[in-house]
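Following: one structure in structure tokens, then a few remarks.
The sequence lines fix the lettering, A, B, ..., with proteins before strands; numbering per chain opens at 1.
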Amino acid sequence: MPLQVHDTRRRQKVDFSTMEPSKVKMYVCGVTVYDLCHLGHARCYIAFDLIHRWLEYSGYDVLYVQNFTDIDDKIIARSNESGIDWKNIVEDNIEAYYADMDMLNILRADIYPRCTEYVEEMVAITESLIEKGHAYIADDGVWFHIESAPEKYGLLTGQNIEAVRSGAGGRVAESGKRDHKDFALWKAAKPGEPTWESPWGAGRPGWHIECTAMSMDHLGEQFDIHGGGQDLLFPHHEAEIFQGECYSGCSPVVHHWLHNGFVNMDGEKMSKSLGNFWTIRDICEKVDPLVLRFALINAHYRSPIDMNEQLLHDAGRNHGRLLEVYKQALESMTENPVPLPQGDVSSPIPVVKSLGMLEKMAQGFALAMDDDFNSREAVAKVLGGIREIGKVFNSEMEADDMAAFANHAVEWVEEFAGSVLGLLPQRDEILSKKVDPRREEIREQVEELLLKRADARASKDWPAADSIRDQLNELGVSVVDTAEGPEWHFM
RNA sequence: GCACGGAUGACAGAGCGGCUAUGUGCGGGACUGCAGAUCCUGAUACCCGAGUUCAAAUCUCGGUCCGUGCUCCA
């Protein structure tokens, strides 16, 4: 089964093909660096990280370009409000961006172009568009003229130009554009703004031309994947189609348009005015970043996702179970594993059956990911595999076989949950159970209480045992009795 | 108004012509002094109407309801 992806332009799943065999050229619209990243950004870049990882896993050599928009109205506004130089705002937020993405275990793109470094290219494209009659010069800049290529209108959103045309009248506000549908390629300088030189005087580029210039510079006039959030469909990506196709003469410039869905909060659209606006940092103070990642890939990338307590709770549990089994496997590994039998789901021997189940889950995982990156289904397969592995660990087995199985389990988990889904921390992080200073602080006290509780339990003095547990709870510690004795951790 | 996408069990959310999705929650059982964790196991479903088919949650047509976009936004 070949990889299928949903192409927004064709509005259906299509067989994925690349221009060059086994090479993928992918561009994803990056952030405007005027502030910290929020949950919506996390979702978008995790979605494309997963796509990136799966393509690499499938044997493609991926050239991944993701830009920074480092000049625009909001950055200028932020600078004016705060008195901080816009360049500092940009640098700070780019640094924060990398930190946040690293925290979420998002692999780096190959190139992070910043649009201010491509002004020359943007000017060249704009000049060419003017020559070709697709753009015109006005007092306040250069505008792309939509009516010069009406057949390209609504290619992504399906909006009909006739309808817009009829209702449009002559409303063009106080700008130099001839038609309200036209969009800016170049904005003439306004007082107090950073500017660049151009044949049309000082000014700065329009938003849409940036992505066209940067994607073409790095990926050529045609490339395989262009991604971004669904909110970029209109007008940004449609503008890119106008610019790119009219400039290059290629149609399509982008072979596959991929768009991720929104993040809602408790059923409502996330927005600053509703006060339900979360930055990645806010939420990672409450939950482990990998749990957030789990929650966000536990939905198909095109579906809207509703962020709420239960989603995070579910994610936390499942992620915890994954790590627990992974840890158990790591601890049981051996240097010299004995050979394991061939897996077979119909075998009556548990370990043989489980090995077969793992193979089956792996196949299901691949099918799911090949089906337009269905990470939800893929996660279900990983959880299924985890359950099989857990079963084997709980069964009676020869020590050698168990150790060899553990090696196999580690490999399986690292392959799917680790390298593809990006849900695992480093091995040593799991094994060395990071020494928590808080834990060390109260360790003696807790252990003393646990000893007392053990005595109470031995003499079946349940009220005393429970009152000690209450005391521990007051310290913020919860106790769980296991086969190996009581364990404690912070609540 | 125009455009796009949805409606699946208590909840979240896959499947998209025949085969247990999955997870949380809930019921029963094992293990536990209790609780928790873990394991086994059970119940509950495909918006409405018509059609196509041996067979439809899955395809077609018609309804109803919901979300999103048409202004900066991942």
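- Heavy atoms of A:Tyr45 sit under 4.0 angstrom from primed sugar atoms or phosphate atoms, though from no base atom.
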| What string of B, S and - do you get for nucleotides 39-45 of chain B, 5' to 3', when a contact is any protein heavy atom under 4.0 Å? | -S-----
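- Proximity note for A:Leu232 (side chain, C-beta onward) versus B:A74, B:G25, B:G15: the nearest is B:A74.
- A donor-acceptor contact closer than 3.5 angstrom links the side chains of A:His237 and A:Glu240.
- Between the side chain of A:Ser375 and the main chain of A:Ile297, a donor-acceptor pair closer than 3.5 Å is present.
- Summarising the geometry, the separation between CG on A:Leu322 and P on B:G23 is reported as 14 Å, rounded to the nearest angstrom.
- Counting any heavy atom pair closer than 4.0 Å across all strands shown, A:Val263 reaches a base atom.
- Using a 4.0 Å heavy-atom cutoff across all strands shown, A:His38 reaches at least one base atom of the nucleic acid.
- Contact check on A:Asp371 versus A:Lys13 returns a salt bridge, with a Lys/Arg side-chain nitrogen under 4.0 Å from an Asp/Glu carboxylate oxygen.
- Electrostatic pairing of A:Glu91 and A:Arg114 counts as a salt bridge here, judged by a charged N lying under 4.0 Å from a carboxylate O.
- On the C1' atoms, B:U44 is 16 Å away from B:A21, given to the nearest whole Å.
- A:Tyr118 and A:His218 form a side-chain donor-acceptor contact under 3.5 Å, judged by distance and modelled atom types alone.
- Residue A:Arg469 is classed as a base contact, given a heavy-atom separation below 4.0 Å to a base.
- Here, B:C61 and B:G67 have their P atoms 25 Å apart, quoted to the whole Å.
- Comparing B:A74 with B:G28, their P atoms are spaced 50 Å from each other, to the whole Å.
- Residue A:Asn318 is in sugar-phosphate contact alone, with no base atom involved, counting any heavy-atom pair closer than 4.0 Å across all strands shown.
- Nucleotides B:G25 and B:G18 have their C1' atoms positioned 31 Å apart, rounded to a whole Å.
- With the nearest nucleotide of RNA chain B identified for both A:Ala380 and A:Val479, A:Ala380 has the one nearer the 5' end.
- A:Arg302 comes within 4.0 angstrom of nothing in the nucleic acid, heavy atoms only.
- With salt bridges taken as basic N to acidic carboxylate O contacts below 4.0 Å, one links A:Glu388 and A:Lys391.
- The side chain of A:Arg11 places no N or O atom within less than 4.0 Å of a non-bridging phosphate oxygen (OP1 or OP2) of B:G5.
- The pair A:Asp314-A:Arg317 fails the salt-bridge criterion, with no side-chain N (NZ, NE, NH1 or NH2) lying under 4.0 Å from an Asp/Glu carboxylate O.
- Checked by atom type and distance alone, the side chain of A:Lys177 pairs as donor or acceptor with a backbone atom of A:Asp182 at under 3.5 Å.
- Between A:Lys181 and A:Asp179, at least one side-chain N (NZ, or NE/NH1/NH2) sits under 4.0 Å from a carboxylate O, which counts as a salt bridge.
- Of the C1' atoms belonging to B:U32 and B:G17, the separation is 48 Å, rounded to the nearest Å.
- Among the protein residues, A:Val28 comes within range of no part of the nucleic acid, since none of its heavy atoms lies under 4.0 Å from any strand.
- Taking atom CD of residue A:Glu309 and atom C1' of nucleotide B:C11, one finds them 15 Å apart after rounding to whole Å.
- The listed nucleotides are B:G33, B:A74, B:G25; the one nearest the side chain of A:Arg317 is B:G25.
- For the P atom pair drawn from B:U24 and B:U38, the interatomic distance equals 8 Å after rounding to whole Å.
- Looking only at distances, no side-chain donor or acceptor of A:Thr116 sits under 3.5 Å from a matching main-chain atom of A:Asp70.
- To the nearest whole angstrom, the two C1' atoms, one in B:G42 and one in B:C47, are 28 Å apart.
- When the nearest nucleotides of RNA chain B are assigned to A:Leu39 and A:Lys460 by heavy-atom distance, the more 5′-ward of the two goes with A:Lys460.
- The pair A:Lys452-A:Asp461 does not count as a salt bridge, with every side-chain nitrogen at least 4.0 angstrom from each carboxylate oxygen.
- Under a 4.0 Å N-O distance rule, the pair A:Asp288/A:Arg293 does not qualify as a salt bridge.
- Atom CD in A:Gln159 sits about 7 Å away from atom C1' in B:C2, given to the nearest Å.
- Regarding A:Gln310, its CD atom lies at a distance of 11 Å from the C1' atom of B:G13, rounded to whole Å.
- Counting only Watson-Crick or G-U wobble pairs whose defining distances are both under 3.5 Å, the stems of 3 or more consecutive pairs in RNA chain B are B:1-7 with B:64-70, B:10-12 with B:22-24, B:26-30 with B:38-42, B:47-51 with B:59-63.
- Residue A:His313 places its side chain closer to B:U24 than to any other of B:U20, B:C72, B:U24.
- Rounded to whole Å, atom P of B:G25 lies 14 Å from atom CG of A:Leu311.
- Atom C1' of nucleotide B:C70 and atom CG of A:Asp179 are separated by 15 Å, given to the nearest angstrom.
- Between A:Ser303 and B:A14 there is a side-chain polar atom (N or O) within less than 4.0 angstrom of OP1 or OP2.
- Put simply, CZ on A:Arg43 is 13 Å from C1' on B:U68, counting in whole angstrom units.
- A distance of about 11 Å separates the P atoms of B:U8 and B:A14, rounded to the whole Å.
- A:Arg453 comes within 4.0 angstrom of a nucleotide base, judged by non-hydrogen atoms across all strands.
- Remark: C1' of B:C70 and CD of A:Gln230 are 15 Å apart, rounded to the nearest angstrom.
- Base contact: A:Gly40 has a heavy atom under 4.0 Å from a base atom.
- OP1 and OP2 of B:A14 both lie 4.0 Å or more from every side-chain N or O belonging to A:Asn298.
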